[in-house]
Every structure is written in C-alpha cells, then in structure tokens.
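Working notes, structure below.
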Amino acid sequence: MNVLVIGGGGREHAIIRKLKESKKIAALFCAPGNGGIAKDATCVNIGACDIDGMVAFAKKVSIDFAVVAPDDPLCLGMVDALEAAGVKCFGPNKAAAVIEGSKVFSKNLMKQYGIPTAGYEVFDDPQEALSYIKRQNTYPAVIKADGLALGKGVVIAQNEEEAADAVHSIMEDKIFGASGNKVVVEEFLTGPEVSVLCFTDGYTVKPMVSSMDHKRVGDGDTGPNTGGMGTIAPNPYYTPEVAKACMDLIFLPTVQAMNQEGRPFKGCLYFGLMLTPKGPKVIEYNCRFGDPETQVVLPLLKTDLFEIFQAVQEERLARLDVEWHDGCAACVVMASGGYPKKYQTGLPISGLDEDGQAPGVTVYHAGTKLDGGQVLTAGGRVLGVTAVGNTLDEALQKAYAGVESIHFDGVHYRKDIGRK
Ligand code: AMP
Ligand code: GLY
C-alpha cells in the first residue's frame, strides 16, 4: 500500500513512526511533513489544506490510503475530495468534522441528546453577549469563538473587563476571522481534565489509553494557553469507573447522535473531558488525534495502527482487537524562546543523531526543518521528547534526561509535566 499522512507536526510524526511498524505499507509519504518526519517518510511540499494539490499528488503516485490528521483540512473537506478521487481515508468527512469546526453545533448536539456538558448560551451580537455576561455576574466567565482558532479560541475571563475585551476582540476585531461571528458563553467548570481519543467507525467505539495535556506555558499551570506543553498517559484520574461512565453517558451517545443527525463520524474522535464534582462533562470535541496526546498514546499501542485505520474505514472495528502495552508514557515539549508569543526560528538544534533522535527517548519533531544535514527550529513547539516506562516516574525521568541532552538557543520547557 502507498500511504499518505497529511500534516506536519509532532502528532503526524507519531502517527508515521507507528505506521512504519506495519508490514502492509510499501511507501509512506507525508505532506508537508517536517525536518524529523523526513527521516521516516518521503515528505512532499504540499500544504495540508491544499485540496487540489493533494488530490493531484495522490493520483500521480497512486496513493491507496490517506490519513488526514489536522483539523483544518478535515473541516474543509479534504476527506470528501480524496474519497471522490478513489483514495480511501482515515478521518471524518466535512459533515462530521463540524463536531470540532463549530462549537455552536457541538453544544447544541450535546443539549439535544442529553450529553453532559457545561451550561451555555449562543450569541451573534456582541452587545447581547456582553449584557448577558453582566447580568449573570459570575466569574470566571468562559467565552468561546464558534469556529476553529488554532486552539486559542477560549477565554476564561476573571472579571467584566476581561470579558468585554474577549467579546470585542473575537466578535468585532475578528482576531479569529469568521470563527468569531458567533460566541458561546459557558458555565465555568472545575475538576481534573482528561483527554480520551477514540477510534470509531460510526458503530463501534474503541477508546485509546487516556492522557493528560498541559496547556499552560508555565510550571504550576501558569501563563497563557499553548497548543500543549507536554502529556502523560494513562491519565491517573481516569479510573475504570470513570471510563465506564464516559462510555455510557458520553462516547456512545455522541456517536449515535452524529448518526441521528445524518453525519456519521469515522476516524479518531477526541473527547476533552472535565471530571467535575457532578460527574464527567465534555469540555470540547476534536475531530482528530490530539497534539501532543498522540505522542504518548500511540507508543503504548500494541496492535498494528494501519490495520485499525483500515478496520475503521471499512466499518469493521467491532471485529478487531485493539491491544495496549502496560506501562506509562510521558512527552515533554521543547519550545522556542518566547512561544506562545513571538519567537525566532532557524536556530540549530544540537544533541540529535543522524535520524533526528536521541538515546533512551523518541523525539517527535513538531517544528523543525532540515538544512543540509543540520536540523533547525521552524516553529513554536519544536520537539516532543517522549519516553515509556513501567511507571509514570520512570517515563518522566527518561523523558527529562532526553530533554537535557538536546539544546537550541532560547529553548524552554515545563519542568513539572505529570507532577500534578
Ligand atoms: P479548549 O480549547 O476548548 O480545549 O479549551 C481550552 C481550555 O480552557 C480547556 O482545556 C480548559 O482548561 C479550559 N476550559 C474550557 N472550557 C471550560 C469551562 N467550561 N470551564 C472551565 N474551564 C474550561
Ligand atoms: N492537545 C489538545 C488538542 O489537540 O486540541
């Protein structure tokens, strides 16, 4: 099989390194990929959202199967276009990807089908949104842009002034473009957060090992939100009892609701959950693998990932055993100085071998490029250094030892991944 993975970050690198273990794959391509992915697959310089370019390339090299990993191409209909061209795909079509693409859609879906989530109201007028927040007069207030916003569309406002700023910049200044035409104003929930990625073919749901992201830039969950500064798996808060409740009250009802809506979901459905005092509630749905959750979940997968992708695509997931290794994984993200604000790129990275790896860990490249033989920084999140161990402590110790052996100017990373 000729397989194409679409995307170019740490998540795609983790998918590719797992697919490399499959005996069914003859050639592995990635578009656009990055400096580390180039060591494991043939990178092709086509933007992840360039639908016409992708279809033309898939035809030219006879791609049999494509994995569409990021949210934007999924929401734009990349799967629909590739399937129309005869390429089998792992990932939801445009109609199903709306579960991530529109928070108004997903909140209304949960309300209609009784799936536990934070209470909310939707507004398309900034004045009405603000007067509602003022009337409620309970802070923190949670304000969310309706559409995709690079993971930055959520504001937790601590007072009226911050709420007014958020509504103004999302709905009037349109800092996220048309994604801010509507906002969701939501009840503030508390409790540990859990990410659960599930394989689903629209009939069967097979949850992966649970994980925990660390979204804030600073130790002790301080500073602004990022795309994710590190992850651990499994998530210690996700007990078998919680898992059962989530399956019965959230996972299966969501998949069934999407069927009812005529939008069957096939691919990886990501549940961002909060374990509140009143039980687990959905914070967000993503229509794809999480980043950097994938970097700790897939190293624990025993079953051939490509066989799972095929089973999902052919709607026979019920008959496939998906098996996991015991033990734990930890991923520490090494970021560019200044990230998530302005940062410099093009800096040389030292401590990597000729495969872009380091001893004792797997180095997933997120924002890197190759310049001759040298790996350079090329993004905010640069590397996700992952290790597995029998215990969480062992995995963390190995991951941090790996981090300390790698360097670039200005590098920063959290020192407290997995310590909560
Ligand atoms: P999201 O981009 O939807 O994942 O939201 C980013 C982060 O904001 C989440 O990981 C939570 O920590 C926080 N968050 C989102 N919605 C709520 C809520 N209703 N209550 C409390 N925190 C929230
Ligand atoms: N790590 C959060 C996400 O992938 O959206």
Side-chain angles (χ1 to χ4, degrees), residues 7 9-12 14-15 69-72 74-75 97 99-107 110 116-121 133 136 138-158 163 166 170 176 179 183-198 208 210-217 221-233 235 237 267-278 280-298 331 333 340 364 366 380-381 384 414 417 420:
R11 163 185 55 206
E12 289 75 13
I15 292 170
D71 46 1
D72 317 71
L74 288 165
C75 291
I99 197 165
E100 173 169 5
S102 168
K103 293 210 189 282
V104 173
F105 172 86
S106 66
K107 294 298 290 189
M110 288 186 268
T117 188
Y120 72 101
E121 294 290 335
I133 294 167
Q136 294 287 102
T138 37
Y139 297 94
V142 182
I143 300 155
K144 299 186 171 182
D146 175 37
L148 297 182
L150 299 165
K152 299 189 176 89
V154 176
V155 176
I156 315 274
Q158 300 298 340
I170 295 173
F176 306 120
S179 288
V183 292
V184 171
V185 178
E186 202 173 87
E187 171 196 7
F188 180 76
L189 301 176
T190 55
E193 286 184 57
V194 185
S195 305
V196 184
L197 286 55
C198 294
M208 303 181 213
S210 63
S211 55
M212 181 194 284
D213 194 2
H214 297 66
K215 286 202 168 86
R216 301 295 196 100
V217 71
D221 289 334
T222 53
N225 265 329
T226 68
M229 293 299 289
T231 38
I232 56 164
N235 185 316
Y237 293 100
C268 172
L269 185 51
Y270 166 130
F271 296 85
L273 306 169
M274 198 171 267
L275 307 183
T276 77
K278 291 184 184 158
K281 296 193 180 189
V282 178
I283 290 282
E284 64 163 347
Y285 291 120
N286 291 329
C287 65
R288 52 172 174 83
F289 284 98
D291 189 345
E293 284 90 343
T294 307
Q295 291 88 312
V296 286
V297 168
L298 290 187
C331 171
V333 169
Y364 296 117
R381 291 187 295 169
R414 277 183 65 162
I417 299 301
K420 196 152 53 180

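The basis for the numbers below is simple: all heavy atoms, side chains too, and nothing from hydrogens, waters or symmetry mates. Each ligand, and each atom within it, is numbered from 1 in the order the structure gives. As the structure is a computational prediction, the values presented were derived from the model and not from experiment.
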Next on the checklist: Could you walk me through whether Arg414 and Asp221 satisfy the salt bridge (Lys or Arg N to Asp or Glu O under 4.0 Å) test, starting with their C-alpha distance in whole Å, then the side-chain angles of each, then the deciding distance to 0.1 Å, before giving a yes or no?
Outcome noted: CA-CA 9 Å; Arg414 277 183 65 162; Asp221 289 334; 3.1 Å; yes
Minimum-distance protein heavy atom relative to [atom]:
atom                    : answer
atom 17 (C) of ligand 1 : Ile283 CD1, 3.6 Å
atom 2 (O) of ligand 1  : Val154 CG2, 3.4 Å
atom 16 (N) of ligand 1 : Lys144 NZ, 3.1 Å
atom 12 (O) of ligand 1 : Glu193 OE2, 2.4 Å
atom 4 (O) of ligand 1  : Glu284 OE2, 2.8 Å
atom 19 (N) of ligand 1 : Glu186 OE1, 2.7 Å

Grab the two heavy atoms, one from [X] and one from [Y], that are nearest each other, plus how far apart they are.
X      : Y      : answer
Thr231 : Pro292 : OG1-O, 2.9 Å
Leu269 : Asn286 : CD1-O, 3.5 Å
Val333 : Gly230 : CG2-N, 3.9 Å
Cys287 : Leu74  : O-CD1, 3.5 Å

Checklist entry - Leu189 to ligand 1: N or O pair under 3.5 Å? => result yes
Checklist entry - Any N or O on Asn225 sitting closer than 3.5 Å to an N or O of ligand 1? => result no
Against heavy atoms of [X], which atoms of ligand 2 measure under 4.0 Å?
X      : answer
Asp213 : 1 (N), 2 (C)
Arg288 : 3 (C), 4 (O), 5 (O)
Asn286 : 3 (C), 5 (O)
Glu293 : 1 (N), 2 (C), 4 (O)
Gly290 : 4 (O)

Checklist outcome for this item: Per-atom filter on ligand 1: closer than 4.0 angstrom to a heavy atom of Lys215 are 4 (O), 10 (O)
Next on the checklist: Side chains of Glu293 and Ser211 only: does a donor on one sit below 3.5 Å from an acceptor on the other?
Outcome noted: no
Item to check | Flag for Asp146-Ser102: side-chain donor and acceptor within less than 3.5 Å | outcome: yes
Checklist entry - Does Lys103 come within less than 4.0 angstrom of ligand 1, counting non-hydrogen atoms of the residue? => result yes
Next on the checklist: As an exercise, state the distance from CD of Glu193 to NE2 of His214, rounded to the nearest 0.5 Å.
Outcome noted: 10.5 Å
Next on the checklist: Could you check whether any heavy atom of Phe289 sits closer than 4.0 Å to an atom of ligand 2, since that is the contact criterion I want to use?
Outcome noted: no
Checklist entry - Do Tyr285 and Tyr270 have their ring centres less than 6.0 Å from each other? => result no
Checklist entry - Applying a 4.0 Å heavy-atom criterion (strictly less than), which segment of Ile156 is in contact with ligand 1: side chain, backbone, both, or neither? => result side chain
Checklist entry - Short N/O distance, under 3.5 Å, between Asp291 and ligand 2? => result yes
Next on the checklist: Using a plain distance cutoff, I'd like to know if Glu284 has any nitrogen or oxygen under 3.5 Å from a nitrogen or oxygen of ligand 2.
Outcome noted: no
Item to check | Residues Val154, Ile283; criterion side-chain contact (heavy atoms from CB on, under 4.5 Å); working and verdict | outcome: CA-CA 11 Å; Val154 176; Ile283 290 282; over 6 Å; no
Checklist entry - Is the side chain of Ser179 donor-acceptor paired with the backbone N or O of Ala145 at a distance under 3.5 Å, no angle test? => result no
Item to check | salt bridge (Lys or Arg N to Asp or Glu O under 4.0 Å) evaluation trace for Glu186 with Lys107 | outcome: CA-CA 10 Å; Glu186 202 173 87; Lys107 294 298 290 189; 2.9 Å; yes
